[in-house]
Trainee: 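I have a structure I would like to understand better, so I am pasting it below and will then ask my questions one at a time.
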Amino acid sequence: MQMRFDGLLGFPGGFVDRRYWSLEDGLNRVLGLGLGCVRLTEADYLCSHLTEGPHRVVAHFYARQLTLEELHTIEISAVHSRDHGLEVMGMVRVPLYTQKDRMGGLPNFLGNSFVGTAKFQLLFALKILNMVPEEKLAEAGGATKK
């Protein structure tokens, strides 16, 4: 995830002009500017959500498993992107664990402020990709609401 200029957590992305780009072409163009070295395809598509509010936007969500080496390369590229320090303050790793106190780790992380549908997308991806057991996700979500 990324820490945005407004203090909200979100995922890399941007707007795609459908007259000139496919979703994946537009996404890869934006990712190329911000991350440099990752390319997504239709096979990486997870879901879409309509964001409510004054500006109705359809948010398409993609996810891909990376090796640790690929993740390191992306983190280094992100620091050198043109948006770093302006629109994006930096990459943020999501803790996929809960500490013994049942608050530290993922439950604490979920207490942050997220932009648009980013929190829902994160929880959806963690569940659908089996990255965190469903009971641990429910526990983390419950701990955040207290």
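Worth saying up front: this structure is predicted, and the values here are computed from it rather than measured.
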Trainee: Could you check whether any side-chain N or O of D44 sits under 3.5 Å from a backbone N or O of T41, counting only pairs where one atom can act as donor and the other as acceptor?
Mentor: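 Indeed, once roles are kept as given, a pair shorter than 3.5 Å links the two residues.
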
Trainee: With sequence neighbours left out, what residues match D6 under salt bridge (charged side-chain N to carboxylate O under 4.0 Å, His left out)?
Mentor: R4

Trainee: First locate atom CD1 of I128, then atom CG of L46, and finally report the distance between them rounded to the nearest 0.5 Å.
Mentor: 7.0 Å

Trainee: Output all residues satisfying side-chain contact (heavy atoms from CB on, under 4.5 Å) with L50, sequence neighbours left out; order by chain, then residue number.
Mentor: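 Result, side-chain contact (heavy atoms from CB on, under 4.5 Å) vs L50: E52, R56, V58.
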
Trainee: Hydrophobic cluster mates of L8, side-chain heavy atoms under 4.5 angstrom, ILVMFWY only, any path?
Mentor: V115

Trainee: For E135, enumerate each residue passing the salt bridge (charged side-chain N to carboxylate O under 4.0 Å, His left out) test, keeping only those at least two apart in sequence or located in another chain.
Mentor: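 For E135, no residue satisfies salt bridge (charged side-chain N to carboxylate O under 4.0 Å, His left out) once neighbours in sequence are set aside.
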
Trainee: For the residue pair Y45 and Y62, categorise the inter-ring angle as parallel (less than 30°), tilted (30 to 60°) or perpendicular (more than 60°).
Mentor: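 The rings of Y45 and Y62 stand perpendicular, inter-plane angle above 60°.
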
Trainee: Checking the side chain of N130 only, and the main-chain atoms of P133 only, is there a donor and an acceptor separated by less than 3.5 Å?
Mentor: no

Trainee: Please check if the side chain of R64 supplies one atom and the backbone of R39 the other of a donor-acceptor pair under 3.5 Å.
Mentor: yes

Trainee: My understanding is that only residues two or more places apart in sequence, or in another chain, count here; which of them pass side-chain contact (heavy atoms from CB on, under 4.5 Å) with V94?
Mentor: M1, L96, L106, F109, L122

Trainee: Going only through I, L, V, M, F, W and Y residues with side-chain contacts under 4.5 Å, is there a path from L129 to L126?
Mentor: yes

Trainee: How long is the span from the CG atom in D83 to the CE atom in M89, to the nearest 0.5 Å?
Mentor: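 Going from the CG atom of D83 to the CE atom of M89 covers 9.5 Å.
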
Trainee: Among residues at least two apart in sequence or on other chains, which ones pass side-chain hydrogen bond (donor to acceptor under 3.5 Å, both in side chains) with T117?
Mentor: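 With sequence neighbours excluded, T117 shows a side-chain hydrogen bond (donor to acceptor under 3.5 Å, both in side chains) to Q121, given in chain and number order.
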
Trainee: Give every residue pair that meets the ring-ring contact (aromatic ring centres under 6.0 Å, His included) criterion with at least one member in residues 73-95, sequence neighbours excluded.
Mentor: none

Trainee: What closest approach, in Å, do A118 and G10 show between heavy atoms, and which atom pair accounts for it?
Mentor: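 Looking at all heavy atoms of both residues, the closest pair is CB-CA, 4.0 Å.
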
Trainee: Which residues satisfy the ring pair (Phe, Tyr, Trp, His ring centres under 6.0 Å) test with F5, sequence neighbours excluded?
Mentor: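 Result, ring pair (Phe, Tyr, Trp, His ring centres under 6.0 Å) vs F5: none returned.
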
Trainee: Under the rule for side-chain contact (heavy atoms from CB on, under 4.5 Å), what residues qualify as partners of L123, not counting sequence neighbours?
Mentor: L110, K119, L137

Trainee: Not counting sequence neighbours, which residues clear salt bridge (charged side-chain N to carboxylate O under 4.0 Å, His left out) with K136? List them please.
Mentor: none

Trainee: Can you name the side-chain contact (heavy atoms from CB on, under 4.5 Å) partners of H72, sequence neighbours left out?
Mentor: L68, E75, R93

Trainee: Excluding sequence neighbours, so at least two apart, what forms ring pair (Phe, Tyr, Trp, His ring centres under 6.0 Å) with F61?
Mentor: F11

Trainee: To the nearest 0.5 Å, how far apart are CE in M3 and CE in M91?
Mentor: 12.5 Å

